[in-house]
Protein chains: 2
Amino acid sequence: VKNNMGYDLRHLLIGSEGTLAIITAASLRLFPAPGETATAWVAVASPAVALELLQLMRDALGGTLSAFELIDATGLGFIAETMPEVAVPPDAGTGWCVLVEATDGVGAGLAGRFEEVLATALEDGIAADALIAQSGAQRDAFWTVRESIPLANRRIGAINSQDISLPPSRLARFIAEARIAIAAIDPTIRINCFGHLGDGNLHYNLYPPKGADRAEYDPLRSRLKDTLHDLTHALGGSVSAEHGVGRLKTGDLVRYIDPARVAAMRAIKDALDPRGILNPGAVLG
Amino acid sequence: VKNNMGYDLRHLLIGSEGTLAIITAASLRLFPAPGETATAWVAVASPAVALELLQLMRDALGGTLSAFELIDATGLGFIAETMPEVAVPPDAGTGWCVLVEATDGVGAGLAGRFEEVLATALEDGIAADALIAQSGAQRDAFWTVRESIPLANRRIGAINSQDISLPPSRLARFIAEARIAIAAIDPTIRINCFGHLGDGNLHYNLYPPKGADRAEYDPLRSRLKDTLHDLTHALGGSVSAEHGVGRLKTGDLVRYIDPARVAAMRAIKDALDPRGILNPGAVLG
């Protein structure tokens, strides 16, 4: 329901991590379950080509495109290493895959349009290979692979984990430049870069080489983090895309956000919580 | 781009009517022009039936449904009276019409689905009559009628104009109860109730009978306004849907909004504009 009565407190509280108020009730908007779902596992030559595929699929499928997950073959290797029970689809040797899904109402002819745009992508060399799920079970199997990545990551053990976002036009450049910057610090570090490409959101995680103890990399952690954050910031991105500032990133907030914005945030915090009793230490430190 | 770095100042500023800050720059997100558009002028028996049609079309067309404009035959009469150059489609004598539009990418088969759901609506007695635009010129003609309503309204001259929103489940009840409440105050008053039904937004305007001078109704204005506002509030709606609080509705804000919310708004206003120099008198008075 449209409502223009005064300031939008709802969006101010969303993402404020309990530092401005305590949310005691919420209304959920329900949407009908999609009548038709089309899912594919697509191998692409690079993140830049994945972005070309995203554009092609958006043009063809519009708002029905509901997932576009970039997957790094490093993550698939981690699954093979730590969760052998999970069947990993082939990546066509390119090193990069995308899990793509579209949903629409029954009878809208989604399956045909989905197959057609993937056929175009294959013909035009944008997709190196594409597997369309032929059943609900195959769709679930694709998603199981995607959802196993964070668990496999934990079993390998990260040196550093980032949750960042970038303008779509800078995503491929970030992935290329970050790889060079990390290699310059230590070429043995393994990178697993995956995320929700449609949102410009990357989970960018660093791991020791196979067999090495991640504790050996402790002295590099802060330099690795700063390198990734500075590059993200320089390319117009955010160093906290989904997960919030919490207590870990309060220094980043002051470092990367315009001082006038931070001053406005502090003024709002002081106005709504003058005694500083709401989740002290989070967001603004 | 996803961004969770601190408080969402953007949404706080949107709709704050210049009382918290001055916006000096904005980024616009562009969407491709729709490849296919389907538009129809549909006569319905009542606002309640219009809402049934909305549900039917949402189920069939999903997110492609882009406009669902309720039109009161009173408004069509005002056009006939003041703008005879505008050709008004027939309303099948029901007193209520809907201008409905859907947009999708080329090749998505929108026209067929749109025609099919309207055929179902006619068969099921939800639509009393339906005209599907057969050309861009006919589509433009339908929209010209919709867009002529505010101009015709001004030529007639309103006693009172409201911009309200209601939960979808309460819209039909509001329209029925408001008609009774207005008639109880003065049965000669003409009502023109139109709006964006998909958003729960109604423009609810009152006019003198044909030939009467609206100045005669000045003594009733405040009572008419309070009657409509109280009913809107009692049914869980907002007395400012699109147009904001401005200076006219500062009293309504204090009257209808929870005092704790108003106190939070005042605290934010004082924090960001301690000297009260930003658009003084608007929103919070």
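Just so we're clear, the structure is a prediction, and the values are computed from it rather than from any experiment. In what follows, chains carry the letters A, B, and so on, assigned in the order in which the sequence lines appear, proteins first and then strands, with residues in each chain numbered from 1.
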Check whether any side-chain heavy atom of B:Y7 sits under 4.5 Å from a side-chain heavy atom of A:T19, and report yes or no.
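Yes - at least one pair of side-chain heavy atoms lies under 4.5 Å apart.
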Within a strict 4.5 Å, meaning less than it, do heavy atoms of the A:H11 and B:L12 side chains meet?
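No; the side chains remain at least 4.5 Å from each other.
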Candidates A:D199, A:D163, A:L202 - the one meeting side chain to side chain contact (heavy atoms under 4.5 Å, CB included) with B:K2:
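One option only clears the test, and that one is A:D199.
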Under a 4.5 Å cutoff for heavy-atom pairs, which residue among [options] has the most contacts with chain A?
options: B:R58, B:R261, B:H243, B:E116; value: B:R261
options: B:E242, B:K249, B:K269, B:E17; value: B:E242
options: B:G244, B:G62, B:G198; value: B:G244

Max heavy-atom pair count under 4.5 Å with chain B, selected residue of [options]:
options: A:I268, A:D59, A:V262, A:D270; result: A:I268
options: A:I257, A:L20, A:V283, A:I14; result: A:L20
options: A:G200, A:A60, A:A241; result: A:A241

For B:H196, is it the side chain, the backbone, both or neither that has a heavy atom under 4.5 Å from a heavy atom of chain A?
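B:H196 touches chain A through side-chain heavy atoms alone.
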Which answer fits B:R266, side chain, backbone, both or neither, if we ask what part of it has an atom under 4.5 Å from a heavy atom of chain A?
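Interface part for B:R266: neither.
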Give, as side chain, backbone, both or neither, the part of [X] having an atom under 4.5 angstrom from any heavy atom of chain B.
X: A:R10; value: neither
X: A:L166; value: backbone
X: A:V245; value: both
X: A:D252; value: both
X: A:L253; value: both

Donor-acceptor pair, side chain of A:S238 and main chain of B:N3, under 3.5 angstrom:
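No: the side chain of A:S238 does not pair with the backbone of B:N3.
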Would you say A:N4's side chain and B:S240's backbone share a donor-acceptor pair under 3.5 angstrom?
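Judged by distance alone, no pair lies under 3.5 Å.
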For [X], look at atom [atom1] and say whether over 12 heavy atoms of other residues, nucleotides or ligands are found less than 6.0 Å away.
X: B:E177; atom1: CD; answer: yes
X: B:I22; atom1: CD1; answer: no
X: B:E115; atom1: CD; answer: no

Nearest heavy-atom neighbours spanning B:A271 and A:A267
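Taking every non-hydrogen atom into account, CB-O, 3.5 Å.
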Can you tell me how far CE of B:M265 sits from CG of A:L272, rounded to the nearest 0.5 angstrom?
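CE of B:M265 is found 11.5 Å from CG of A:L272.
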